[in-house]
Every structure is written in C-alpha cells, then in structure tokens.
Amino acid sequence: MAGVLPSNVSYFMQRLQGVSTSQFKVFPQSSDDATSGKIIRFELPSNSLVNLKNTRFFFNASTVGAGASLPNDISSLIERVAVYMGGVLVQNNFQHYNVLKHAKSAIKPSYCNAALGHPEIVRQVSYHNGLTLGNTDPEAYADKDQQFCIDNWEGLLGSIEPSIVDTGIMPQITIEITLGDDTICPISAGRVMPDGLGATANHFDKVGSGNPTYKLSTLSLQVEVLGMATSVLDQIVEQRIASVGYLSLPFKNYYTFTSTHTGSSRFNVNSASWDRLWLCYRDSAYAAKAAPQIATGYKKAGAFVDDVSGQTAADIDVGRPTYDIGGVLGTNEEKYLAKYFKFQEKLTSSTVPAYHQLQVNSASVPAYRMTTTEALSMSLGAVDGEKNKKMSLDQYKKDHFVQCYRFCLPESDYNRLASGLDTRSVSAMGSVETENIASCNLTMFAETTAELRVGSGRAIEVIA
C-alpha cells in the first residue's frame with residue numbers, strides 16, 4: 001500500500017537497527033603548515049563506511065603584511081581539489097576551484113558557514129574572534145578554538161551518490177588540496193571606513209604598500225564513519241557486482257578553460273554528460289595586488305551620528321549605503337569583495353547594450369542573441385532547486401556577472417540522471433560570442449556528470 005500512495009497520505013516508516021556513527025580525525029601526510037601553492041594530502045579511512053559529504057577540513061589561518069585580510073568565503077584559499085583512488089585520478093584536478101565556488105554563489109546563496117567559514121571580509125572588528133584590529137594589523141587566527149572549517153565541497157566529495165560508500169571495496173582514497181595564490185588576499189593601507197575614493201592614505205579601499213601572504217596551520221580532516229550491525233548492505237553490494245559487474249556512483253566533475261576574451265572565446269568538451277557551462281567575467285588585472293572592493297550598494301563613509309551634543313569633533317561616521325540612505329535589499333551594512341573574485345560586466349560603450357550567445361558545434365544556444373537581462377534570467381533558471389541570490393541588476397552587472405547555460409533536464413541532479421549532452425563521439429567545440437563586451441578575463445567551467453564504476457577486486461573505472 002505504501003508504494004501505491006503518495007508519501008503525504010501514506011502511513012508507514014522504516015527502521016534500521018544497529019547503526020553507529022563516529023568521527024575520525026585525519027592528519028595530512030606532509031607538514032602541518034601550508035602556504036600559497038602548497039599541496040596538502042589526506043588519506044581516508046580504509047575498510048569503513050564513510051560519509052563523503054560530511055568531510056570537513058579544519059585549519060587555522062593567518063595573513064602577513066600590513067593591512068592584509070582574508071578573502072570572503074574561506075574556500076577562496078583553495079585553488080584545486082583532486083581525488084585519487086589507488087593512484088588513479090577520479091575527480092579532475094581542475095584549476096580555479098575557488099573561482100567556481102564564488103561563481104555559484106553569485107547566482108545562488110552562498111553555502112559558506114557563517115560561524116566557521118569567514119563569509120565576509122573583516123575591516124576593523126573581527127566577527128570571528130571579536131577582537132579589534134589596529135590600523136595596519138594583518139588578520140590572523142592562531143588559537144585552536146578559532147579554527148575555520150570547509151564543509152561544503154564541489155566535485156566528488158559534495159555530489160557523489162550515494163554519499164555513504166564502503167571504502168573496503170575501493171582502492172585507497174586520497175584527497176589532494178592545492179592552495180591558491182597569495183593575491184587572493186586583499187591588502188589595505190589602513191582600516192578606516194572607505195569613502196569610495198581611496199583619497200585618504202589609511203582608507204580600507206586603498207591598496208597597501210606591502211605584499212599579502214597567508215599561511216594555514218593545525219591542519220586536519222574530520223570524517224564521519226558509520227557502522228551497521230547487519231550485513232544486508234554487504235550482500236546487496238555483492239549481488240549487484242555479481243549481476244551487473246560493477247557499482248555505479250555518479251558525481252560532478254569540472255573542466256576549466258580560461259581566455260582573454262575579446263568578443264569570442266573557444267573551448268571543447270568531451271564528456272558522456274555535459275550538464276552546464278559556467279562563465280565568469282573578470283577584469284584582466286584580477287590577480288594584481290589590490291585592496292578590498294566596496295560591494296555595490298553597500299555602506300561607505302559619509303553619515304554621522306552626534307556622539308556628544310554640540311561637539312562636531314566627537315561625531316562618529318557610521319557610513320551610508322550607496323543606494324537609498326536607510327538601505328534597500330539589505331545594503332545598510334558594510335560589505336567588501338576581493339578583487340580576485342569580483343565578476344563584472346565591462347562594456348566597450350556605455351550607450352550600447354551587450355549581447356550574448358553560445359555556439360556549440362556551429363549550433364546557436366539559444367537561437368537568438370540575448371541581452372544581459374535575458375542571460376541573467378536564463379542563468380537563474382539553470383540552477384536546480386535553489387533560491388535565487390538576493391541582488392539587484394546593478395549589483396549583478398558590477399559584482400556578480402556570471403552566466404550559466406544548462407544542457408540537462410531540470411532537477412536531474414537529484415534523480416541521479418545523466419541527461420546532459422553526450423559529446424564522446426564528436427567532441428563539442430564551443431565558442432562564447434559577445435558584442436560590446438570589452439577585453440577581459442573569461443574563466444569557463446564545464447560541469448559534467450561522471451560515473452565511477454567499482455567492480456570486484458577493488459577495480460575502478462571512470463566514465464568521464
């Protein structure tokens with residue numbers, strides 16, 4: 001009866017007894033400290049039921065350089081994440097992992113944990129430990145009870161289904177994390193509230209004279225390991241491998257393409273299921289040393305409260321939003337972005353609208369040239385099951401200029417359905433075509449559904 005009726009009118013439950021859960025702390029194979037460009041490797045527990053989606057990376061983080069700050073979203077520190085099984089690369093070690101994280105949060109709400117993930121750039125008073133920074137103090141957190149945590153992943157760790165896997169039927173799983181460049185950290189001449197002009201030497205939005213660097217320490221990986229008193233799961237796995245020959249575990253894989261975009265940028269994708277294409281437009285000098293950028297619409301200096309009646313010298317500058325004073329769309333607060341992750345529309349002419357179109361093997365997607373607003377609407381609809389990010393069109397063009405093309409069925413990610421373009425026989429030659437977009441950096445991510453096949457004797461095969 002339960003299988004006939006929908007769940008909202010069915011009276012049934014299931015019970016699985018003898019389940020146990022435990023947390024394991026895994027330490028890196030190399031040094032306990034890591035700086036820009038370093039590779040950190042962890043080996044997951046063997047012969048265990050591991051919940052891969054509940055993998056958490058803990059560390060302390062500190063910056064060096066007068067006025068240096070950590071970027072918004074602590075995942076920004078990661079340049080690449082790769083997953084190996086028995087020395088075989090399973091998750092592609094694609095570049096700009098941190099850019100992909102910011103690109104996705106430009107379209108949908110960020111998954112950065114507010115308590116452990118450093119979602120905003122700190123100007124003067126840290127919301128992480130409550131301490132006040134001096135005018136040129138670098139931001140640093142050295143105590144073990146001030147650690148950060150990355151608990152939301154792109155790629156295999158965050159998307160493999162089922163997420164609970166028996167590592168006893170697989171070769172040794174190794175997670176390899178490569179840290180990003182030092183220039184992802186902004187550096188300021190001082191921590192005074194910016195006026196938007198950067199005219200005063202110690203304003204937060206004026207670049208400092210030093211060079212920012214960062215270091216991670218006290219590294220560890222926390223892994224959830226489960227146990228079952230019954231052998232039903234083992235029997236099901238054995239029967240499946242005996243009847244089909246392998247277990248099928250789909251997951252998301254990504255491929256990165258970069259270009260100096262001047263109207264047309266080419267790429268090619270060879271995959272069994274090409275699901276989406278993410279386009280991120282940045283200033284050509286995105287990697288240059290820079291101060292934090294004031295987020296469009298948010299506060300800068302220029303609004304005062306009278307601390308002592310009649311004494312203007314004691315007035316306190318509380319700042320004013322650059323939209324309506326009082327703040328609309330939640331802009332009555334300070335907010336800054338790292339230049340490295342600032343996506344913006346740069347027009348050749350401010351009086352001529354931009355147009356966007358994608359060519360895939362000479363076929364136009366869509367069949368007409370889209371304006372920026374049409375491209376935004378398409379991108380918002382390309383993300384499954386997510387509330388759209390709360391932003392204005394002005395903020396989208398100046399801070400979050402990311403586009404997403406979807407080639408798979410809606411909500412196929414939740415059904416383990418590989419419905420994207422199959423480009424294995426004829427590699428998809430793509431071209432991003434734009435009009436009235438000035439020369440800029442264009443980073444492209446091809447999102448695909450890959451399949452990990454696990455057979456007897458710990459044999460694995462990856463269908464890209």
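Along the sequence shown, residues are numbered consecutively beginning with 1.
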J.: Please, which pairs that meet salt bridge (charged side-chain N to carboxylate O under 4.0 Å, His left out) have at least one residue in residues 47-61, sequence neighbours excluded?
T.: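 For residues 47-61, and leaving out neighbouring residues, the salt bridge (charged side-chain N to carboxylate O under 4.0 Å, His left out) pairs sorted by first residue read Lys53-Glu161.
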J.: Distance alone, cut at 3.5 Å: any donor-acceptor contact between the side chains of Arg191 and Ser69?
T.: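 Ser69 and Arg191 do have a side-chain donor-acceptor pair below 3.5 Å.
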J.: Do we get Arg80 above Tyr97's six-membered ring, with its NZ or CZ under 6.0 Å from the centre and within 45° of the axis?
T.: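 No, Arg80 does not lie over the aromatic ring of Tyr97.
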J.: Going by the rule salt bridge (Lys or Arg N to Asp or Glu O under 4.0 Å), which residues pair with Glu176 if we only count those two or more places apart in sequence or in a different chain?
T.: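 Partners of Glu176 by the salt bridge (Lys or Arg N to Asp or Glu O under 4.0 Å) criterion, ordered by chain and then number, come out as Arg41.
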J.: Strictly by modelled atom types, are Thr372 and His356 linked by a side-chain donor-acceptor pair under 3.5 Å?
T.: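 Looking only at side-chain atoms, His356 and Thr372 do form a donor-acceptor pair, the distance falling under 3.5 Å.
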J.: Among Phe57, Tyr84, Phe24, whose ring pair (Phe, Tyr, Trp, His ring centres under 6.0 Å) with Phe42 holds?
T.: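 Single pass found, and it is Phe57.
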J.: Using side chain to side chain contact (heavy atoms under 4.5 Å, CB included) as the criterion, list what pairs up with Val88, not counting sequence neighbours.
T.: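 Ile460.
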J.: Can you confirm if the aromatic rings of Phe401 and Phe343 lie within a centre distance of less than 6.0 Å?
T.: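 Ring centres of Phe401 and Phe343 not closer than 6.0 Å.
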J.: When the ring centroid of His118 is compared with that of Tyr127, is the distance short of 6.0 Å?
T.: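 Distance test on ring centres: under 6.0 Å, yes.
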J.: Are Phe148 and Phe58 an aromatic pair, judged by ring center distance below 6.0 Å?
T.: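 Judged by ring-centre distance (under 6.0 Å), Phe58 and Phe148 do not meet the cut-off.
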J.: For Lys390 and Gly330, which heavy atoms make the closest approach, and how far apart are they?
T.: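 So the two residues come closest at NZ-N, 4.3 Å.
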J.: Between Tyr405 and Leu358, which heavy-atom pair has the shortest distance, and what is it?
T.: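 Looks like CE2-CB, 3.8 Å.
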